[in-house]
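To start, the structure under review is shown below, and the notes come after it.
The sequence lines fix the lettering, A, B, ..., with proteins before strands; numbering per chain opens at 1. Remember, it's a predicted structure, so these values are computed and weren't measured experimentally.
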Protein chains: 2
Amino acid sequence: MTAVQPQESKRQRAPSKRSLATRERVLDAAEAVFALRGFEGATIRDIAAEAGVPVGTIHHHGGGKEALFHQTIARRAETLSRARLSAIQRVRAEGPMTLEAVLAAFIRPFFELTDQDGGWRHYARLVAFVSVDDRWRALSAKFFDPTAEVFFAELLALLPRASRPQIAESFVFSVSAMLALLTSRERIGVLSGEDAAQEDQIDHLIRFCAAGLRG
Amino acid sequence: MTAVQPQESKRQRAPSKRSLATRERVLDAAEAVFALRGFEGATIRDIAAEAGVPVGTIHHHGGGKEALFHQTIARRAETLSRARLSAIQRVRAEGPMTLEAVLAAFIRPFFELTDQDGGWRHYARLVAFVSVDDRWRALSAKFFDPTAEVFFAELLALLPRASRPQIAESFVFSVSAMLALLTSRERIGVLSGEDAAQEDQIDHLIRFCAAGLRG
DNA sequence: TGTTAGATTGAACAAATGTTCAAAATAAGA
DNA sequence: TCTTATTTTGAACATTTGTTCAATCTAACA
């Protein structure tokens, strides 16, 4: 789909530093607004205002609202996948697999990224939106399913006595629990009346899913 | 907020049978379209077309888009709450509480209603949308939190050794897993390569959450 | 430094959307 | 049956929204 660059034709320029900076501002703004208001709830003008650029710029870099949404999801997807895959690689290298280690390799990287960068927090909400809305099924399939398959295979190998459908169900339960923790910490705090440390919550999430997977 | 009816003023009529039927058609249509496209993605005209009525009718019965959304959530919320509360009452009456029984009382009624009536399936998607979107927090609080508190209290009593925050976390994980099963059966089927019976999946969900809660 | 591909800007446009409204149709109650 | 409160209908309206575009500006490259 991306334009192929002919050998000898019009010269083509590298994007300027300013252009790249603008593109990033646009994507940051899109991420924030989409996360707050959803796809249809967000307007190009909201995003432009958030980015501090005129509306035309959004289209110039985004290429239409839907394409902009795609880019917003795509921008961080590979970073997340790589972090997860390298985490599972590390686990593999370190010796005997455990359920907790596999789950941690899937779950922890997302939280670590979320801690580092405010944009990742918006991204987490965005992923939660995408995962609950069937209209974005294709997006999920493209950006998240491949990595999910790797971890699913790992679970299958680790739980030979459980049936394949059961592991699939448990995996989906675990992912949704993870997204709930990523997006609903405040709600949990209200329900319990106090705010727990995130580290404890993540440990607990991993224990919860491991126990559930073991049955 | 509803208009107080003065003792002696203009006579007031009961809604006609036809009017009630129209209102139901409107809410059915709203439920389906909101579930498919989300709040902003749905249009009054989509809903009117789905209901087979002119646009004006939607406002006459719905009272604006946001009020219509409220009504759509509200219409089935009490049925669901009552089903859950009477299920937990039955469990209480039957003797010693178990974790599985409490979870079943929370989870099973939703699936049973979903099996009976196609509209409930749309409603489940709608609830998933609402629960992932902070803009509807007040709606959740009004229609779902009171019942959730009852079950949360039950879990607290049943797990005296666990901390309150841990139980709150586990409860939120469990609810999100339930919503995942309600809305993502197809995705689970694709992942596992076969379609499990829903009854087995529900049993598994309850076991998963119970194991997670026990730690 | 001069040339020019690419980036920025904001006005303009057509389509879609939520809402309003007045006239016509309907049925509940006297 | 007659009266009249409700309900139904669809046209009309003001906004909002995604998108387009031509003019202007900027900086990469020769």
Side-chain angles (χ1 to χ4, degrees), chain A residues 2-31 33-34 36-72 135, chain B residues 2-31 33-34 36-72 135:
Chain A
T2 52
V4 176
Q5 188 171 336
Q7 295 280 62
E8 309 186 53
S9 86
K10 294 172 230 156
R11 280 165 294 176
Q12 201 155 315
R13 284 186 180 167
S16 71
K17 197 177 295 184
R18 186 172 59 130
S19 163
L20 289 175
T22 304
R23 184 190 131 89
E24 211 164 314
R25 288 235 310 289
V26 166
L27 286 178
D28 285 345
E31 184 174 62
V33 177
F34 281 138
L36 195 64
R37 307 212 201 274
F39 178 73
E40 339 266 355
T43 74
I44 298 289
R45 283 168 181 80
D46 285 344
I47 295 170
E50 175 78 19
V53 301
V55 284
T57 302
I58 305 297
H59 271 79
H60 187 268
H61 285 92
K65 192 181 182 185
E66 195 149 342
L68 177 62
F69 191 75
H70 271 68
Q71 287 185 55
T72 307
R135 288 174 296 169
Chain B
T2 51
V4 176
Q5 189 170 335
Q7 294 281 62
E8 308 189 54
S9 86
K10 294 172 231 157
R11 279 166 292 175
Q12 200 155 315
R13 283 184 180 171
S16 70
K17 198 178 293 183
R18 188 173 60 134
S19 164
L20 289 175
T22 304
R23 183 189 132 90
E24 211 165 313
R25 288 235 311 289
V26 167
L27 286 178
D28 285 345
E31 182 174 63
V33 176
F34 281 138
L36 195 65
R37 308 212 201 274
F39 177 73
E40 339 265 355
T43 73
I44 298 289
R45 283 167 180 78
D46 286 343
I47 295 169
E50 175 80 18
V53 301
V55 285
T57 302
I58 304 296
H59 271 79
H60 185 266
H61 284 92
K65 192 182 181 183
E66 195 148 342
L68 178 61
F69 191 76
H70 272 68
Q71 287 185 54
T72 308
R135 287 174 297 168

Does [X] have any side-chain hydrogen bond (donor to acceptor under 3.5 Å, both in side chains) partners at least two apart in sequence or in another chain, and if so, which?
X: B:R37; value: none
X: A:R135; value: A:E40, A:D133
X: B:T43; value: B:D46
X: A:E24; value: none

Value in whole Å for how far the [atom2] atom of [N] lies from [atom1] of [X]:
X: A:E40; N: D:dG18; atom1: CD; atom2: P; value: 9 Å
X: A:R37; N: D:dT16; atom1: CZ; atom2: P; value: 14 Å
X: A:L20; N: C:dG6; atom1: CG; atom2: C1'; value: 12 Å

query = Hey, is the side chain of A:T22 poking within less than 4.0 Å of OP1 or OP2 on C:dA7, counting only N and O atoms?
reply =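 So the side-chain polar atoms of A:T22 never come under 4.0 Å of the phosphate oxygens OP1 or OP2 of C:dA7.
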request  = Evaluate the side-chain proximity of B:E31 to B:D28: yes if any heavy-atom separation is below 4.5 Å, no if none is.
outcome  =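 Result yes, sub-4.5 Å side-chain heavy-atom pair found.
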task = Any pair with a residue in residues 38-58 of chain B that passes ring-ring contact (aromatic ring centres under 6.0 Å, His included), sequence neighbours left out, goes on the list, sorted by first then second residue, please.
result =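 Of all non-adjacent pairs touching residues 38-58 of chain B, those that pass ring-ring contact (aromatic ring centres under 6.0 Å, His included) are B:F34-B:F39, B:F39-B:F69, B:F39-B:W136.
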Under 3.5 Å, sequence neighbours excluded: what are the donor-acceptor pairs made by side chains of residues 47-63 of chain A?
from, atom 1, to, atom 2, distance (Å)
A:H61, ND1, A:T57, O, 3.4

Please list, for nucleotides 21-25 of chain D, all pairs of protein and nucleotide N/O atoms separated by less than 3.5 Å.
none

inquiry  = According to salt bridge (Lys or Arg N to Asp or Glu O under 4.0 Å), who are the partners of B:R45, at least two apart in sequence or on a separate chain?
reply    =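 In terms of salt bridge (Lys or Arg N to Asp or Glu O under 4.0 Å), with neighbours along the sequence ignored, B:R45 is linked to no residue.
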ask   = In residues 42-54 of chain A, which residues come under 4.0 Å of DNA chain D by heavy atom?
value =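 A:A42, A:T43, A:I44, A:R45 - these, ordered by number, are the residues of the stretch whose heavy atoms sit under 4.0 Å from the strand.
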query = Do any of residues 57-66 of chain B sit with a heavy atom less than 4.0 Å from DNA chain D, and if so which?
reply =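 Within this stretch, B:T57, B:H60, B:H61 sit under 4.0 Å of the strand.
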message = Can you list everything that forms a side chain to side chain contact (heavy atoms under 4.5 Å, CB included) with A:L36? Sequence neighbours excluded, please.
response =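 Scan of A:L36 (side chain to side chain contact (heavy atoms under 4.5 Å, CB included), adjacent residues dropped) gives none.
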